[in-house]
Structure formats: C-alpha cells, structure tokens
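We're numbering straight along the sequence, starting at 1.
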Amino acid sequence: MQNTESRLEKLTGTVERIVFHNPDSGWCVLKVRAKGRRRLLTVVGHSLFIVPGETIEAEGEWTEHSEHGERLVTQSLKTMLPRQAHAAEKYLSSGLVKGIGPEFARRLVEKYGAEVFDVIETRPDLLLAVEGIGPSRARSIRESWHEQKAMRELMNFLGSHGISATKAPRIFRVFGADAVRIIQQNPYRLAREVSGIGFKTADLIARHSGAELDREERFASALHDRLQRAIARGHCAYPEDLLLHEACRELEGEIEDIESALMSEIESGRLTEEEIGPDERLCVAPAGLAAAERRLADELVTLGRGRPPWGPPIFLDAPPSPGAHESKQIRLSLKQREALRVILSSKVSVLTGGPGTGKTTLIQSVWRELNSRHWTVACCAPTGRASQRLTEATGVEAQTIHRLLGWAENGFIHDAGNPLRVDLLIVDEASMVGLELMEALVQAVPRNAALLLVGDADQLPSVQAGRVLESILESGVIPHAHLLEVFRQEGGGESLIIRAAHDVLEGRMPNLITQRPEQSFHFVEARGAEDAAEKIVRLVHDRIPNRFKLNPLDDVQVICPMNKGLIGARVVNRRLQEALNPSPSDRIDRYGTSLAVGDKVIVTANDYDKEIFNGDIGRVLQIERDRSSLRIDFGGRRVDFDFSELDILSLAFAITIHKSQGSEYEAVIIPVLEESTVMLNRNLLYTAITRGRRLVVLVGTKRALHLSLRANSGLNFEKRWSALAKRLVEARSRGFDRPTFSFDSAPEAR
C-alpha cells in the first residue's frame, strides 16, 4: 500500500475538452491543460457533472494505454470553478448559463477577469456595466446561474445515493430549486410525481437517508409503482393477484401488510377494482383510467345513436353534384362499395384492412361524396408523419390529433363544451391512439356529427395505455367494415413489400431470393451483430443512396426491434451518427445526451406548449449557447429546446418499431437477429415491414427470422388488460344516452 501511495501523483489543471462522459456512472475521459506541460494531458476518472473550463484537482497513477497512450487514472477527482480568466471564459462559453454565449463570455471576462463568478453570484447589478447586457439579460443570467447551482446540488445528492445524474433534469422540472429539500422530506414523491422515476429509486434514497419510513406510504408507493409499470406496457388495469405478488417481491414484506395498503388506496378512491375478461379476473386500475374508459364507452355509444347528419346515404349510386373534385376517377370494388355504405349509413363506424386493401381509396371516396355536397369533413392522425402521409395519399388536408384539438394552458381547446365544427371526423391509424387521447377526441366530436375510425387491427397497439381499436372491434357495438382484397399489383413498386408483410402476418417465410437488384424487398445475410451493424451503415451511407437515388437522412430509416443491445437503436444510432454526420459545426453534451448540428432527432415526450409530440422527427439546425438552446427543424417548423430539455430528445438515425408506427419511409432497414427475438414477433415485424414505401431490407439471419415468425407474441405483447369492450356492451345494454340534436336540412340552411 505504501508503494502504491508513493506512486500517486497530484495534478491541478483546466478541462479543455470532454472526450467521453457517462452520466450514469460519472466515468469520464478529459483533456486537461496543466501548468508546466506543453501538451494536453489525458485524465480518466469519475465526476457526475463536468464542464469545459472547470478547474480539477486529481490524484492518481500514470499508466500507458496501448491505444490511447499515457493517461492519469485517478482515484479522486474534484471539480471547482475556474481560477484563471481564460478558463472562466471557456466555462461561460459552454452555454451552461442562459444569456451568456462566447461573445458575452469574452466581454464579462475582459471586464471582471476570474472574479466574474463572484459578480454573478453576489453583485449581479454589476453585469449592467458590460456592453450589451441590459436588465432582461442580467436577470436571465442571474436566474440561470442559481438554477445551475441547484441542479448541481441535485445531481450531487442523487450521486451520493448511487442514482444516475441523467434523472436530474426531469426531477428538476417537477420540483424546481427545492428538489433536494422535497425529496429529503418524502422520497416517495419521486415515484408518484416524476415520470420515469420508480419505487426502487425512491426507496433507495429513503433507506440511505435514514429517514423515518412510513410503512403504509412505502407499501402504497410500491403498489402504485408496479401498477404504473403495467400501464407503461399498455395495460389499463392489472390482475390483483399479480400486483400483490410483484409488490410483495419488491418489498420483501408480508402479503397481509400489502393487501391492507391496497385496500386503503381503494377506499381513498385513488385505485379501483373490478372483474375483467372472460374469466372475470379481479383487476386493479388507477381511478382516472377506469373513469376514462367509462366515459369513452358512454361517449361512443351516445355518438353512435341515430342517423348521420346527411341522413340515409341515398346518393351513393348517384353522380356527385356539380363542383365536386373529379380530377381522378375512383373506381370501387363491390366490397369497397359495401364498406362505403356501412360508413355513410353510420354515426360511428370502423374501417380496417391491411396494406394495399384500399383504406386510403375509401377515405378519398367518403371525403368526395360528402365534400361535394358541402358537408364538413376533417381528417386527423396520431402523429405528424401519419397525418402528412394521409394528406399525400388522399389529397385531403389532415392534422395531428393534438393540433386538431388545440392546446391551452389547462388542456385541449376543443372538448364537450367547445366541440369541433365538423360533420364527419376521420381518424386514420386508429390502432395507435391510446385510451386517454381517444377519450378527449371523441368528447370533442359534436353530438350530431359522425366519426370514422380507420386502422390496421394487425399492427401494434398504441404506445400509451389501452387497446382501443381492438376493444371496439371485440365489443361488436360499433358498425365495422373490414377489407381483405389486396389491389396493388406487381409493378407498382410495393407489391413485394405487401406480399412479404402478409406472409409474415400469417407465419410464412417470405421470399428472400433477390431476383433483380431494384426489387422492393431484400434480405441481407449477417454473421452476427457486429457484421449486421457494419452492413446497415454501408446500406444507409452508400448502397441504397447510390442504387435507389435516395437521401440517407430524409428517405432511409433504420427500424430496430429494441433500444438496447449490440444491434439496438442506441448502438446503431452512434454508428450512423459517426458515418452520416462525422464533422458537425457544433456539438452539445448535457445529462447523457450528445447532439450535433445536422443530427436527425426524435422527440420522446409530449410538449403541448411547443406543439411537439412523442415521435416527431426533426433535424438539428443550430446550437445557440448564449440562449442555452438547440434549434430543431420539424418539416419546416423550427422549435427551440432549452439545454435542460435535451433528455426528451434522442438520435433518430435508428428508431424502434414502436416509434415508427403511423409513419412511412421510402426505404426501411430492419435488423433481425437472435438477440432481438426475445422482442420480435409477427405483429412487430409486420408493422416494421409495412413502414417501407419503396424498399424494405431485412439484415440478419434466417434462423432469427424463422423464430420471429413462430412467435405470435413477445415480452412487449402480453394481452393488455382493459375493460373497454365490457363497458361498451354495458353502455349499449343500459341505453346510455344524452340529449342529441338532429338536423334534417342541408348544411347551407343551418
């Protein structure tokens, strides 16, 4: 030990560059400038939060790495505010403090030198003496400085309990500068109030802090945590016996104590229980979700009563009225005309069918029939890409559901009290719509209007809780038209894709033989994850753009079954980022997220104020360090994200199949390997294949593909527990109704 200690060397220097930083563990590789050393030194150690320009005090041992050369591997690494003026300028130029970019960092340091931090902290009025800094910018600098101090305090607090610093931004957004005090008072508020923070994290803090643990609060927190995990998997309720078993295992407690906590939560009204399913299994649900299911069932049954506003569809066989849009003649098959009659005869109806069966053609037909007679038809879809695709395919303007409903400070603008001004609302990709969003949408439909839900029942269910479309079909309460006949023929560019999709859905191995290089469906054999990743990069970067004349960023999308793993979206994203955006003009690293100008990114959470929603894909345009923000272009719409919001952005060179729902891309690449088969199954693979418009390439092994075809369900496809089908049947049987208004006159007379 004495010999080891004698070899330890102390080093003081300035962080010039962060080569790598893992915020989960704090492990980092730094380039450091030290006094008396000409070249930058490599320092390896652990620090939860580190910024270029900071001063470090490190103690460690010099080692020689075969690839990276000499480096100091530290046993202790402390960070401090910069002590020299040039380092202070680098620190402030990083964009850490809102209101200070490179130019104002230079001016501040010229004025106050290394004392600039004392000025910001204790004499913010002196900031006004710097050219260009007025009261508004000075206030922004002061507030951002104190926010960063509170954030660092929170990160250090979390780190002291062994919790990843990446969780700090979302905690801070909920609790603000008082986050540490709030958590210390009641750690279990984390699990209840902060999305993505579970019981284990809260319980770890509670036990480490030595706080007096309230047994009832702890048991209730564990129950809610297990229930929220089930909801995150799409359930609206969860079997009570499974819930108790999982909570008991988590707590290592007695089942009687946990049952008592469950009964207290039910009596308080926070949870509810009822029998669900053909086996009448007793299930527990959050009271809010159960109420949303009841409201949706009642609203659908009520909305479906009576005739549509246009009355009986007597004009089905008549020519359109003068002024109708007849730029392209639409010819319907007998089955399509039957489906059209169902839709135009019903107040609420459902249209389903696989790719190529004519759903889009029917949407066009419905719109033309009604629009030509001056009835108002609105179209919407769950995601921006889905609504854009609907617009491109039909020529009918479509919006996302969120934009259609509008958003004010406290909720959607359009609701039961302020309904939409429509005679018919068409909802495409209805299988993607979760329970709560569907309930809000149906409430906003006027009682005298009609509703048409369009979707593919064989695709993945919604990411959010619920299986709304499946439940509606299961109940048999709503008129339903199902299309089976495939109309797209060979030569259309999509036929091989459609044929492969239907083969997969029916559990058959698709034709993997390449007959010509330009065909629309290909299989590329890979020897393993590393080989597959290399081939995917070459396909995106070179082969597909060269052969099919497609843009690798705009037209080609890699769709992975999983986020994690050697061939998961995270790893593939890093490889594609290096290949497609190797020399960006600027880059920002915050809280485990590294984004560069030119990167393709996806939003992972809804932001109603920005009108940006989970699944939206854009491109990073610029990094504005003086505003501590990132500007992203979403199809011509530019949106700014604060650096503290980077945790809701991820790279999108590769995305998961779930995130691809509702979108179509010119070319799709899907890794299919053994390590993914724990998740991959027919529905998942079918959904991925049907995302490709012009080209689909599977990369992997035939064995993995065969295993996927044998799987009707996977870990993410357990049967979702929901009472919606039961509630629909009950609402119809009890004659649930509200006052409705009928209009027999033409729209012009209203």
Side-chain angles (χ1 to χ4, degrees), residues 10-18 21 28 30-38 40-41 43 45 47-59 74 76-157 165 168 172 176-177 180 586 588-590 623-629 642-644:
K10 293 183 178 179
L11 175 73
T12 301
T14 302
V15 178
E16 291 291 324
R17 182 160 53 92
I18 300 169
H21 184 224
C28 55
L30 312 172
K31 289 295 184 181
V32 175
R33 187 176 301 282
K35 189 175 181 180
R37 302 289 187 105
R38 288 186 177 181
L40 295 179
L41 306 176
V43 176
S47 179
L48 286 173
F49 189 90
I50 195 155
V51 179
E54 282 188 309
T55 296
I56 65 163
E57 286 184 355
E59 187 174 29
T74 65
S76 67
L77 179 64
K78 296 179 181 178
T79 62
M80 296 160 286
L81 287 174
R83 298 173 179 174
Q84 284 125 9
H86 78 277
E89 183 177 339
K90 177 179 282 291
Y91 181 89
L92 291 174
S93 296
S94 69
L96 186 71
V97 181
K98 189 177 293 186
I100 304 178
E103 178 58 28
F104 280 108
R106 182 186 63 78
R107 295 181 192 179
L108 282 163
V109 171
E110 280 182 356
K111 182 78 173 176
Y112 298 115
E115 304 301 313
V116 65
F117 303 114
D118 290 331
V119 169
I120 297 173
E121 176 77 31
T122 61
R123 296 290 306 278
D125 54 301
L126 295 180
L127 295 173
L128 298 173
V130 177
E131 182 185 357
I133 296 182
S136 177
R137 186 179 292 272
R139 184 168 57 253
S140 175
I141 291 170
R142 183 175 66 253
E143 290 173 354
S144 180
W145 177 263
H146 289 294
E147 182 179 295
Q148 286 301 322
K149 281 188 65 178
M151 176 69 85
R152 181 169 290 205
E153 179 190 9
L154 174 60
M155 294 175 76
N156 288 331
F157 173 79
F172 195 87
V180 172
D586 200 359
I588 185 70
D589 296 277
R590 284 289 188 279
I623 295 170
E624 299 185 80
R625 294 183 184 273
D626 61 333
R627 297 178 60 224
S628 297
S629 69
D642 192 270
F643 285 172
S644 65

Engineer: Grab the two heavy atoms, one from L77 and one from A58, that are nearest each other, plus how far apart they are.
Structural biologist: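 Looks like CD1-CB, 3.8 Å.
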Engineer: What's the spacing between M151 CE and L96 CG if we round to 0.5 Å?
Structural biologist: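 So the CE of M151 and the CG of L96 are separated by 10.0 Å.
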Engineer: Within a strict 4.5 Å, meaning less than it, do heavy atoms of the L154 and F49 side chains meet?
Structural biologist: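 No - every pair of side-chain heavy atoms lies 4.5 Å or more apart.
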Engineer: Does any part of the side chain of L11, heavy atoms only, come nearer than 4.5 Å to the side chain of L41, both counted from C-beta?
Structural biologist: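 In short, these two side chains touch, coming nearer than 4.5 Å.
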Engineer: Do you know the tightest heavy-atom contact between V116 and A88?
Structural biologist: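 The pair with the smallest heavy-atom distance is CG1-CB, 4.3 Å.
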Engineer: Run the salt bridge (Lys or Arg N to Asp or Glu O under 4.0 Å) test against D118 and tell me which residues pass, sequence neighbours left out.
Structural biologist: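 For D118, no residue satisfies salt bridge (Lys or Arg N to Asp or Glu O under 4.0 Å) once neighbours in sequence are set aside.
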Engineer: Any heavy-atom pair between the side chains of V43 and V15 that's under 4.5 Å?
Structural biologist: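 In short, these two side chains do not touch, never coming nearer than 4.5 Å.
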Engineer: Are any of the side-chain heavy atoms of L30 and I50 separated by less than 4.5 Å?
Structural biologist: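 Yes, close enough: below the 4.5 Å cut-off.
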Engineer: Show me the pairs that pass side chain to side chain donor-acceptor pair (under 3.5 Å) and involve residues 47-56, at least two apart or across chains.
Structural biologist: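 Only E54-R152 qualify under side chain to side chain donor-acceptor pair (under 3.5 Å).
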Engineer: Run the salt bridge (charged side-chain N to carboxylate O under 4.0 Å, His left out) test on D642 and K98 for me, step by step, so that the C-alpha distance in whole Å, both residues' side-chain angles and the decisive distance to 0.1 Å come before the verdict.
Structural biologist: CA-CA 9 Å; D642 192 270; K98 189 177 293 186; 2.5 Å; yes
Engineer: Would you say that I56 contacts T12 through its side chain, given a criterion of any heavy-atom pair below 4.5 Å between the two side chains?
Structural biologist: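 The answer is no, as the side chains (C-beta and beyond) never meet within the 4.5 Å cut-off.
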Engineer: Kindly determine whether L108 and I133 satisfy side-chain contact (heavy atoms from CB on, under 4.5 Å), including the steps that lead there.
Structural biologist: CA-CA 10 Å; L108 282 163; I133 296 182; 4.0 Å; yes
Engineer: Please report the shortest heavy-atom distance between L92 and A105, naming the atom on each side.
Structural biologist: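 Smallest interatomic distance, heavy atoms only, reads CB-CB, 3.7 Å.
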Engineer: Holding to ring-ring contact (aromatic ring centres under 6.0 Å, His included), I want the full list of residues that pass it with F157, two or more places apart in sequence or in another chain.
Structural biologist: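 H161.
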Engineer: Do P135 and L128 have side-chain heavy atoms sitting under 4.5 Å apart?
Structural biologist: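 Counting from C-beta outward, P135 and L128 do come under 4.5 Å.
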Engineer: Heavy atoms, side chains only, cut-off 4.5 Å: are P52 and I18 in contact?
Structural biologist: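 Yes, close enough: below the 4.5 Å cut-off.
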Engineer: Are side-chain heavy atoms of Y112 and V130 found at a separation under 4.5 Å?
Structural biologist: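 Heavy-atom side-chain distance check passes, below 4.5 Å.
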Engineer: Going from CD on E59 to NZ on K10, what distance comes out if it is rounded to the nearest 0.5 angstrom?
Structural biologist: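 Interatomic distance, E59 CD to K10 NZ, rounded to 0.5 Å: 5.5 Å.
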Engineer: Which residue pairs satisfy the side chain to side chain donor-acceptor pair (under 3.5 Å) criterion with at least one member in residues 76-97, sequence neighbours excluded?
Structural biologist: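 Qualifying pairs: E57-R83.
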Engineer: Holding to side-chain contact (heavy atoms from CB on, under 4.5 Å), I want the full list of residues that pass it with I623, two or more places apart in sequence or in another chain.
Structural biologist: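 side-chain contact (heavy atoms from CB on, under 4.5 Å) check on I623 returns D586, I588, V597, R625, L630, F643.
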Engineer: Can you tell me which residue pairs pass the salt bridge (Lys or Arg N to Asp or Glu O under 4.0 Å) test with a partner in residues 106-117, sequence neighbours excluded?
Structural biologist: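 Passing the test, one end in residues 106-117: E103-R106, E103-R107, R106-E110.
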Engineer: Please report the shortest heavy-atom distance between S628 and G95, naming the atom on each side.
Structural biologist: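 Nearest pair, atom of S628 first, then G95: OG-O, 2.6 Å.
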Engineer: What pairs meet the side chain to side chain donor-acceptor pair (under 3.5 Å) rule with one or both residues in residues 129-147, with sequence neighbours excluded?
Structural biologist: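 Passing the test, one end in residues 129-147: E121-W145.
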